[in-house]
Amino acid sequence: MYVKLTNFVLLLFDYLNNSYIAIYINKHLMKLHHFLTALFISIFSVSFAQENLLINAYNRESKSLNGSWKYIVDPYENGYYNYRYEPFDKQENPGKGAFFMNAKPENKSDLVEYNFDKSDSISVPGDWNTQKEKLFYYEGTVWYKKSFDYQITNKSNRIFVYFEASNYHTEVYFNGKKLGTHIGGFTPFNFEITSLVKEKGNFLIVKVDNKRKKEGVPTLNTDWWNYGGLTRDVKLIEASENFVQDYFIQLDPNNNNMIKGHVALNGNNIKDKTVQIIIPELGINKAFVTDESGKFSFEISSKKIQYWSVDNPFLYNVTIKTDEDIIADQIGFRSIKTEGSKILLNGENIFLKGISIHEESPIREGRAYSEEDAEQLLQWAKELGCNYVRLAHYPHNEHMVRLADKMGILVWEENPVYWTISWENEATFLNAQNQLNEVINRDKNRASVIIWSMANETPTSDARNLFLTKLANHARQLDPTRLISAALEQSNYKDNPNIRTIDDSFADVVDILSFNQYLGWYDGLVEKCKSISWKIDQNKPVLISEFGAGAKQGLHGDKEARWTEEYQEYLYIETLKMIDNIEQLQGFSPWILVDFRSPRRVLPEIQDGWNRKGLISEDGKKKKAFFILQDYYEKKGSSNN
Ligand code: GCU
């Protein structure tokens, strides 16, 4: 009923389209939606129950919990449910059977049927699939345990445990107490442990379950490996009693001599607090006072700003200081806009010379997580001549965007709303919205990040359009400074297969029109590119988010022979010619930089579990098409004038 009601209202809204009435309805519809969402959460207790994300954990004082952890593989979740399949952590006295109690037999007759300390070890960060052969295909629950002592530096301080990511459904326990739950495999979350931490013998126990679910985000079907585990850093962050919880500091999109933003403190004594914003290279040292909720918004004008750009990725040292807390960050100031079919970076038209990347380590197998991994991937992108990367299909680790900030590489970040999501399921929507919250909150101060992508290759329907439109509205509310897009699908123009277009009502919602196209691979042979033209009516910038072909590195033959490097090379040559005719074309990110693992790719001697559309093989060897694209980007220069 609720979905049908909003459906009707939004279709009416679409019809009214941007008139004052529409904006008025939209504002109140969002309020109605938030009220109903809150009601839904409280009634159905959808558990995204985690605290506000600590901003800029990357630069905060912290104690790493990385390294060797103990683990127990628990396919039947015997450590979580009793034999009546009731969760132990919902019981008053869970008892020794609950793995999060980390119980040991108290005497020779005591019955305890697990023992973390006698169990095998595994490294964190890291997926379990490539660390343990027996877990290569494993999808299910694994329990992790880390014991540690902790010396608090100041007894009024507060302590948080911070996870950069854990795939997929994570339950966290500390010293036998439940801290909370997190759903989503690619974004950070944290819990406060101040009242629970001891000087000696703390134990952090984490239940990680990477089982794919129909109602999940992503859902059951993807074209990447479902790496499970504590895939990124885990650390303890100590903060003062009243600390800087959150801030958003960016160039005012409507005035490039104005730095604008807001700051939020966390604590019991945060009202009327003086907070300084210090940017020494701009001679800025301004004090502001918090309101009753410990927040303030600010504007600081400066005519001396050096704008961050791909040629000059200048980052300012920015410090936020209170009488008890100080946090430092490196922030670039730039504006990113669209004007008709142009993308403007600092008011200048820019062509996005891109490549798509999966978060897989080019150095060792498995999920990438380290600065070295990020460096290798972005160095290859630079070598290709890229000024832009599409991080597919989910938020990558923070090293990628921090390095992109430093290297002057523009970034597309994507929420893992991929293929056939359960559009009518409100819990699925809240899950997708929560993951979007987390990536926007983590990266909203990164100059390199210019595009939030809501989804990839999702089938059009009213429910899908509503789902994505709500997400886009939400993203715009959280961050009015960046562009919204999604990888849509192309179709025939008025049933003419030789003319392609974008016929998708979500195209009216996005700022940048992006689509994936596989002419010459899934759609005909390469020759076909010569007979295809494009008719795109929207006066918006066009980004082709994917095109490509599979090639086994080192396999050579004539250019019509699939899987040869020559076929891939030929496809790139003809595709680049074809898309050059798209009037609104502002860039693209071919699929993909490096071959990557996918359980959908089983062709022996060619794929063997790898998607072979990389321009570089999984062991770092460049294929012929790499040099075709490199040459094209070299000739393209940076602007699109
Ligand atoms: C799709 C999809 C990718 C996939 C690629 C392929 O377009 O977005 O995730 O890997 O095609 O088929 O290789």
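Values below: all heavy atoms of this structure, side chains included; hydrogens, waters and symmetry mates excluded. Read the numbers this way: they start at 1 and go in the same order the structure lists the ligands and their atoms. Just so it is clear, the model here is predicted, and its values are computed rather than measured.
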Charged N to carboxylate O under 4.0 angstrom, Arg446 versus Asp405? yes
Under a 4.0 Å N-O cut-off, is there an ion pair linking Arg364 with Glu372? no
Would you call Arg476 and Asp511 a salt bridge, taking side-chain N to carboxylate O under 4.0 Å as the test? yes
Pairwise ring-ring contact (aromatic ring centres under 6.0 Å, His included) hits with a residue in residues 570-605, at least two apart: Phe351-Phe588, His358-Trp591, His358-Phe596, His393-Trp591, Phe547-Tyr572, Phe547-Phe588, Phe588-Tyr632, Phe588-Tyr633, Trp591-Phe596
Pick out the protein N or O atoms lying less than 3.5 Å from any N or O of ligand 1, and list each pair with its distance.
from, atom 1, to, atom 2, distance (Å)
ligand 1, 7 (O), Glu457, OE1, 3.3
ligand 1, 7 (O), Glu457, OE2, 2.4
ligand 1, 7 (O), Glu546, OE1, 2.7
ligand 1, 8 (O), Asn456, ND2, 2.9
ligand 1, 8 (O), Glu546, OE1, 3.2
ligand 1, 8 (O), Glu546, OE2, 2.7
ligand 1, 9 (O), His393, NE2, 2.6
ligand 1, 9 (O), Tyr418, OH, 2.6
ligand 1, 10 (O), Asp223, OD2, 2.5
ligand 1, 10 (O), Trp591, NE1, 3.1
ligand 1, 11 (O), Glu546, OE1, 3.4
ligand 1, 12 (O), Tyr522, OH, 2.5
ligand 1, 12 (O), Arg601, NH2, 3.0
ligand 1, 13 (O), Trp591, NE1, 3.4
ligand 1, 13 (O), Asn611, ND2, 2.8
ligand 1, 13 (O), Lys613, NZ, 2.7

For Lys624, give me all partners under side chain to side chain contact (heavy atoms under 4.5 Å, CB included), at least two apart in sequence or on another chain. His556, Glu565, Glu566, Glu569
Only counting residues at least two apart or in another chain, list the ones meeting side chain to side chain contact (heavy atoms under 4.5 Å, CB included) with Phe627. Lys622, Gln630
